[in-house]
Amino acid sequence: MPCMELSKLKRRGLMLVLSSPSGAGKTTITRALLEQNPDVQISVSATTRKRRGGEEDGKDYYFTDVPTFNKMVENGEMLEYAKVFDNYYGTPRAPVEEALSKGHDVLFDIDWQGTQQLSEIARDDLVTIFILPPSHAELEKRLRKRAGETLETEEQIQGRMDKAASEMSHFSEYDYVIINKDIDTSLAKAQTILNAERMKRARLVGMSSFVRGLMDGL
Ligand code: 5GP
């Protein structure tokens, strides 16, 4: 029987989802994870929301209008999509499928609605992490700091806090929860999850054949 060489063992790419209420530190953790793992590809979402200062089209999002977004949905070009904060957000299908087929891991910064849709179509390849703030006071402090930078009104801040509460109620749908008290510790936890999930037996392609080769040689 032909023996599978070690070099022929492959791994299926995994889909790593990070969700959180805004203000929990998800963006910082996402950026740091990408920096630490240059082999991981970020899924760039399409959105109908307006571009914020400092954001780049094609890097942070593909900024688009509602008719174009709807056309992409109708054509089946979105892996998932949802309405968040009165705007549409969706994950373009093609780049994700291409990366996974090459065995690359893909990172998604999407909300609970998108996570539910992905788990319906790709549960075995999905690893989901929910990031929580350490306390109510800390979340409010972070949201108020951000609001100060973008000149938001008290009503808008209250709206964000209400949305944060409803987003957080979905924590139990996730595989892992990280309470983000300190960025370095949270990043280390996210990296540990990624490392362990990469080693899962079910993701290793060709393992049976490799082990058969080992056994046959004995
Ligand atoms: P923001 O407008 O602040 O960049 O993002 C608002 C929310 O939309 C965040 O919670 C983010 O995770 C979520 N989001 C971004 N892209 C997508 C996407 O492609 N699909 C879904 N379902 N949510 C997304």
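Whatever order the structure lists them in is the order used to number ligands and atoms, beginning at 1.
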Fill in the blank from the handout: Only residue of L126, L194, T30, V40 satisfying side-chain contact (heavy atoms from CB on, under 4.5 Å) with L16 is L194
Handout entry: Nearest neighbour in protein (non-hydrogen) for atom 20 (N) of ligand 1
Key = E80 OE2, 2.7 Å
Practice task
Return the residue, atom name and 0.1 Å-rounded distance of the protein heavy atom closest to atom 4 (O) of ligand 1.
Solution key: Y61 OH, 2.5 Å
Practice task
Would you mind checking if K26 and D109 are paired as a salt bridge, meaning a charged N to carboxylate O distance below 4.0 Å?
Solution key: yes
Practice task
State plainly whether the residues R160 and E140 are in salt-bridge range, i.e. N to O under 4.0 Å.
Solution key: no
Problem - Under-4.0 Å salt bridge between R198 and D39 - result: yes
Exercise for the section: Looking only at protein heavy atoms, identify the closest one to atom 22 (N) of ligand 1 and say how far it is in Å. Expected result: D111 OD1, 2.8 Å
Handout entry: SB check K71 E74 (cutoff 4.0 Å)
Key = no
Practice task
Answer yes or no: does an N/O atom from G90 fall short of 3.5 Å to an N/O atom of ligand 1?
Solution key: yes
Exercise for the section: Identify, for atom 9 (C) of ligand 1, the protein heavy atom at the shortest distance, and state residue, atom and that distance. Expected result: K26 NZ, 3.8 Å
Exercise for the section: Around atom 2 (O) of ligand 1, find the nearest protein heavy atom and jot down its residue, atom name and distance. Expected result: Y89 OH, 2.5 Å
Handout entry: Protein residue, atom and distance nearest to atom 7 (C) of ligand 1, heavy-atom basis
Key = V84 CG1, 3.7 Å
Exercise for the section: With the side chain counted from C-beta on, respond yes when D60 and R52 share a heavy-atom pair under 4.5 Å apart, and no when they do not. Expected result: no
Problem - Those atoms of ligand 1 less than 4.0 Å from some heavy atom in G114 - result: 22 (N)
Problem - For atom 11 (C) of ligand 1, the protein heavy atom that lies nearest, with its residue and separation - result: D109 OD1, 3.6 Å
Practice task
Could you tell me if any non-hydrogen atom of R52 lies under 4.0 Å from any atom of ligand 1?
Solution key: yes
Practice task
Output yes when R144 and E154 qualify as a salt bridge under the 4.0 Å nitrogen-oxygen rule, no when they do not.
Solution key: yes
Handout entry: Nitrogen or oxygen of Y81 less than 3.5 angstrom from that of ligand 1
Key = no
Practice task
Run the salt-bridge test on D124 and R12 with the 4.0 Å N-O cut-off and return the result as yes or no.
Solution key: no
Practice task
Determine the minimum heavy-atom distance between R142 and A24, stating which atoms define it.
Solution key: NH1-O, 3.2 Å
Problem - Note: E197-R203 ion pair, threshold 4.0 Å (strictly below) - result: yes
Practice task
May I ask you to check if ligand 1 and S20 share an N or O to N or O distance below 3.5 Å?
Solution key: no
Handout entry: Nearest non-hydrogen protein atom, atom 19 (O) of ligand 1
Key = S45 OG, 2.7 Å
Handout entry: Sub-4.0 Å atoms of ligand 1 with respect to non-hydrogen atoms of T91
Key = 19 (O)
Handout entry: Salt-bridge contact D175-R123 (side-chain N to carboxylate O under 4.0 Å)
Key = yes
Handout entry: Ligand-residue contact atoms, ligand 1 with A82, heavy atoms, under 4.0 Å
Key = 22 (N)
Exercise for the section: Identify, by atom number and element, the atoms of ligand 1 in contact range of R49, meaning under 4.0 Å from any of its heavy atoms. Expected result: 1 (P), 2 (O), 4 (O)
Practice task
Consider every N or O of Q113 and every N or O of ligand 1, then say whether any pair is closer than 3.5 Å.
Solution key: no
